[in-house]
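Contents: one structure, followed by commentary.
These numbers come from a predicted model, not from an experiment.
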Amino acid sequence: MSELSSEALALLAGALAVMLAWLLTPRVREFAIRHGVVDMPGERRVHTVPIPRLGGAAIVLALVATVAILYVAGGLQLDARLAGILLGALIVAAVGAFDDAFQMRALHKLVFQLAAASVAVALGVKIDFLSNPFGPDPIYLGWLAWPASIAWLVFITNTVNLIDGLDGLAAGVSAIAGTTMAFIALAWGQPAVAILCAGLAGSCVGFLRYNFNPARIFMGDSGAYFLGFVLAGAAVIGPFKTAAFVSILVPMLALGVPIADVLFAIVRRAVQRRPIFGADKGHIHHRLLERGMSHRNAVLAIYLMTFALSLLALLIARPS
């Protein structure tokens, strides 16, 4: 298997992850129902019946198993940075799963996310420099590399979680972003990042079989945190810092819709003098529903926006 090309390995990762997530999600759903881990209808919810959550466990297992199988069977070497991403992502997934089952205070979740990000940064998942749009020399961050990297990992982790408000929304957006980043990684000769991102996209696609409207299971915080952390980490260790002036712009474009949604939410709550980390129904998916869109059409509209931004990211990040 080690003789396969990077493109073939990435394609295999995606296909294997689809199959594993497809098979694992019903088992996870049965477990969630049996143990009462369900999401009840409420004021901020758009569903009207209890839906089992904890579906993120299927995404986590599918991606980790995919990476393990390909690296063991293919004789590939797991470097410290990739291990750091997976370890940090598993920590935030465990925190999310605990929150799905028992509920945690936001501050406690943030502390664990900071710890997970610190572990990843300690293993090399770090933004050491940014490309300089005004000159040939990069901008080295020095001691700021640690806090900047931790902030980036935590921000994207929560960004994906905040857009998880409609059936299939977070999984679909993450699948598009993961596919985009896999293509860019292949173009820049980064097979490890391509395999990771392709596996993530495949895990989301397999999960969508049960999560697209009408959803039979939700990914919960466990899945959203895991997806956000992996995407954020892949952006850090991937080729994106080398692509002219774009630096973090490429993954930000691929995740442009949820990032913009979070930034607008912060501004909106600040103007209204409401808690920044409070909850409301002002997110983009809520607004699309208020304008008369159906549940599915609202999700598909955000998919289309994400796809358009991802195409722009692909054009920007083409090797010269």
Side-chain angles (χ1 to χ4, degrees), residues 18 20-63 92-106 108-109 112-113 157-175 203-228 258 261 265 275 277-303:
V18 169
L20 289 172
W22 188 298
L23 294 174
L24 288 168
T25 302
R27 309 287 84 79
V28 172
R29 183 177 184 274
E30 293 170 3
F31 177 89
I33 293 174
R34 186 161 56 248
H35 293 276
V37 186
V38 297
D39 201 54
M40 302 301 294
E43 183 181 349
R44 293 185 58 249
R45 308 295 194 222
V46 296
H47 61 282
T48 57
V49 297
I51 303 290
R53 52 192 177 192
L54 208 62
I59 295 174
V60 173
L61 292 171
L63 180 55
V92 296
V95 171
F98 188 88
D99 183 52
D100 289 334
F102 304 108
Q103 301 298 307
M104 291 178 66
R105 294 179 60 183
H108 294 163
K109 289 188 286 185
F112 280 106
Q113 290 171 5
T157 295
N158 286 285
T159 293
V160 174
N161 184 54
L162 287 174
I163 202 174
D164 185 27
L166 295 180
D167 297 354
L169 184 53
V173 168
S174 296
S203 299
C204 291
V205 171
F207 178 71
L208 273 172
R209 167 68 177 79
Y210 308 94
N211 182 238
F212 196 72
N213 181 259
R216 285 179 274 172
I217 186 171
F218 293 153
M219 70 169 63
D221 286 356
S222 59
Y225 287 163
F226 181 80
L227 292 174
D261 191 41
F277 296 103
D280 60 27
K281 297 192 71 170
H283 292 287
I284 183 172
H285 47 277
H286 293 130
R287 294 186 180 276
L288 291 176
L289 292 177
E290 288 173 0
R291 290 180 175 272
M293 275 195 175
S294 68
H295 193 124
R296 286 193 175 195
N297 286 342
V299 171
L300 292 174
I302 297 175
Y303 284 0

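Rounding to the nearest 0.5 Å places CD1 of I59 at 5.0 Å from SG of C204. A distance of 12.0 Å separates CG of L61 from CG of L23, quoted to the nearest 0.5 Å. Between the CG atom in L208 and the CG atom in L169 there is a gap of 10.0 Å [rounded to 0.5 Å].
In this structure, the side-chain contact (heavy atoms from CB on, under 4.5 Å) partners of A97, at least two apart in sequence or on a different chain, are L54, S222. Applying the ring pair (Phe, Tyr, Trp, His ring centres under 6.0 Å) test to H35 and every residue at least two apart in sequence or in another chain returns F31. For A21, the side-chain contact (heavy atoms from CB on, under 4.5 Å) partners at least two apart in sequence or on another chain are A62. R27 meets the salt bridge (charged side-chain N to carboxylate O under 4.0 Å, His left out) test with E30; sequence neighbours excluded. Among residues two or more places apart in sequence or in another chain, the side-chain contact (heavy atoms from CB on, under 4.5 Å) test is passed with Y210 by W22, T25, P26, R216, I217. D100 is linked by a salt bridge (charged side-chain N to carboxylate O under 4.0 Å, His left out) to nothing, counting only residues two or more places apart in sequence or in another chain. Taking A93 as the reference, V60, F226 meet the side-chain contact (heavy atoms from CB on, under 4.5 Å) condition, with sequence neighbours excluded.
Using a 4.5 Å heavy-atom threshold, the side chains of V95 and Q113 count as separate. The shortest side-chain heavy-atom distance between D221 and N161 falls under the 4.5 Å cut-off. A heavy-atom distance below 4.5 Å is not found between the side chains of N213 and V299. The shortest side-chain heavy-atom distance between K109 and F98 does not fall under the 4.5 Å cut-off. Taking the side chain as every heavy atom from C-beta outward, D167 and F218 approach each other to under 4.5 Å.
Considering every non-hydrogen atom in both M219 and A224, the closest pair reads SD-N, 3.4 Å. Between P214 and R296 the shortest heavy-atom distance is CD-NH2, 3.6 Å. Shortest non-hydrogen contact noted between A171 and N211 is CB-OD1, 4.1 Å. The nearest pair of heavy atoms linking A215 to I51 is O-CD1, 3.7 Å.
Dense packing is recorded around OH of Y303, with more than 12 heavy atoms of other residues, nucleotides or ligands lying under 6.0 Å away.
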